[in-house]
**Q** 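Okay, here's the structure, questions in a sec.
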Amino acid sequence: MERAVQWILVLAVCASSIIIDAAEIDELADRKLAHANPDVISIDCGVNEGYTDSTTNLQYQADDIQVGQIHNISSNYSFGYEPQIQRQLASLRSFPDGKRNCYTLKPKQGKDNRYLIRAYFGYGNYDNKNILPTFDLYVGVTMFNTAKVFGRSFRSEAIYFTSTDTIDFCLVNTDKGVPFISLLELWPLDSTIYQTSFTLRTLDLKSRINLGASSTADNFYLS
């Protein structure tokens with residue numbers, strides 16, 4: 001009986017090792033795919049030139065739209081609890097003028113494809129007023145979320161199927177503070193996932209956990 005228990009323990013350890021090795025292989029493949037994907041649009045709002053992030057190795061475009069104002073967050077404020085995007089949350093573009101201000105995204109895949117739209121808003125007391133704004137978010141003419149920025153950064157994600165070659169992501173002033181944005185991303189999705197008839201679907205993210213990551217730097221926007 002004792003020998004049988006020993007064999008069970010040996011088999012359990014071997015199985016555990018196989019699972020861990022498989023997770024590490026999958027993680028490595030996912031990171032290579034993300035790093036090498038030239039079809040992802042990542043805009044660091046409020047910077048003047050593009051760069052490659054040293055933490056994630058992802059490439060970010062400069063925010064080159066002609067409306068709004070560029071700001072940095074307050075010097076005594078930090079988003080250190082989100083190390084993967086701490087640099088991106090350090091700057092932002094605000095829109096004190098106009099009711100509706102939009103980013104026009106033009107993905108390489110064009111129309112009749114499905115995308116993940118992801119936006120981050122880190123207030124950081126950039127205007128030294130300590131008044132947290134609330135404003136609406138639209139894709140085209142369709143409202144999909146209300147940005148309610150509290151002490152932490154606010155994130156909004158949606159899956160969108162586009163019938164046009166461009167996608168307008170818009171911030172709409174609701175007279176509850178100045179709209180702003182820190183980071184905007186557009187990720188193409190494989191046609192085999194989310195096979196439903198919806199055009200726009202908001203994601204209510206509770207948690208995203210990367211199993212098998214060797215360090216916190218290997219986790220992309222998990223918080």
**Q** Tyr60 side chain to Ile41 main-chain N or O, any donor-acceptor pair under 3.5 Å?
**A** no

**Q** Do Asp168 and Val139 have side chains that get closer than 4.5 Å, going by heavy atoms?
**A** no

**Q** Is the positively charged end of Arg201 above the ring of Phe144, judged by distance under 6.0 angstrom from the centroid and angle within 45° of the axis?
**A**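 No - Arg201 does not lie over the ring of Phe144 by the 6.0 Å and 45° rule.
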
**Q** Could you report the tightest heavy-atom contact between Cys170 and Gly140, atom names first, then the distance?
**A**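 That would be SG-O, 4.4 Å.
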
**Q** Hey, are the side chains of Asp127 and Val178 touching, using non-hydrogen atoms and a 4.5 Å cut-off?
**A** no

**Q** Can a donor-acceptor pair be found, under 3.5 Å and without considering hydrogens, that links the side chain of Ser182 to the backbone of Gly122?
**A** yes

**Q** Membership question, hydrophobic clusters at under 4.5 Å side-chain separation (ILVMFWY): are Leu189 and Val40 in the same one?
**A** yes

**Q** Do Val47 and Ser91 make a side-chain contact, defined as non-hydrogen atoms from C-beta onward lying under 4.5 Å apart?
**A** yes

**Q** State yes or no: do Leu105 and Val67 share one hydrophobic cluster built from I, L, V, M, F, W and Y residues joined by side-chain heavy-atom distances below 4.5 Å, directly or via other members?
**A** yes

**Q** Please tell me whether Ile43 and Phe154 are part of a single hydrophobic cluster in this structure, the criterion being side-chain heavy atoms less than 4.5 Å apart.
**A** yes

**Q** Counting distance only, does the side-chain N/O of Thr146 pair as donor-acceptor with the main-chain N or O of Asp136 below 3.5 Å?
**A**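 Side chain of Thr146 to backbone of Asp136, a donor-acceptor pair under 3.5 Å: no, none is there.
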
**Q** For a quick test of reading the model, state the closest non-hydrogen atom pair linking Tyr123 to Ile131 and the distance between them.
**A**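 Minimum heavy-atom contact is OH-N, 3.2 Å.
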
**Q** Return the minimal non-hydrogen interatomic distance between Thr52 and Gln59, and the atom names on each side.
**A**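 Between these two residues, the closest heavy atoms are OG1-CG, 3.6 Å.
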
**Q** Determine whether a donor-acceptor pair (N or O, by modelled atom type, separation under 3.5 Å) exists between the side chain of Lys99 and the backbone of Asn173.
**A** yes

**Q** Applying salt bridge (charged side-chain N to carboxylate O under 4.0 Å, His left out), which residue pairs with at least one partner in residues 55-68 are found, sequence neighbours left out?
**A**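 Residue pairs passing salt bridge (charged side-chain N to carboxylate O under 4.0 Å, His left out), neighbours aside: Asp63-Arg93.
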
**Q** Counting C-beta onward and ignoring hydrogens, is there a side-chain heavy-atom pair between Trp187 and Arg118 closer than 4.5 Å?
**A**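 Touching, per the 4.5 Å side-chain cut-off.
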
**Q** Would you please classify the geometry between the Phe121 ring and the Phe135 ring as parallel, tilted or perpendicular, with 30° and 60° separating the classes?
**A**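 The rings of Phe135 and Phe121 stand perpendicular, inter-plane angle above 60°.
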
**Q** When you measure from the side chain of Thr174 to the backbone of Thr134, do you find a donor-acceptor pair of N or O atoms at a distance under 3.5 Å?
**A** yes

**Q** Any side-chain to backbone donor/acceptor pair from Asp44 onto Ala62? Under 3.5 Å, distance only.
**A**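 Between the backbone of Ala62 and the side chain of Asp44 there is no qualifying donor-acceptor contact (under 3.5 Å).
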
**Q** Going from OG1 on Thr202 to CD1 on Ile117, what distance comes out if it is rounded to the nearest 0.5 angstrom?
**A** 9.5 Å

**Q** Is any side-chain heavy atom of Tyr115 closer than 4.5 Å to a side-chain heavy atom of Ile159?
**A** no

**Q** Can any side-chain N or O of Ser94 pair as donor or acceptor with the backbone N or O of Pro96 at less than 3.5 Å?
**A**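 No: the side chain of Ser94 does not pair with the backbone of Pro96.
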
**Q** Side chains of Ile167 and Leu186: closer than 4.5 Å at any heavy-atom pair?
**A**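 Yes; the side chains approach each other to less than 4.5 Å.
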
**Q** Kindly indicate whether the side chain of Thr142, heavy atoms from C-beta on, has any atom under 4.5 Å from the side chain of Tyr160.
**A**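 Thr142 vs Tyr160: side chains apart.
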
**Q** Using side-chain heavy atoms (C-beta onward) and a distance below 4.5 Å, is Leu171 in contact with Arg100?
**A**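 No, too far: nothing below the 4.5 Å cut-off.
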
**Q** Is it the case that the side chain of Ser42 and the backbone of Leu184 share a donor-acceptor pair, with hydrogens and angles ignored and the cut-off at 3.5 Å?
**A**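 Between the backbone of Leu184 and the side chain of Ser42 there is no qualifying donor-acceptor contact (under 3.5 Å).
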
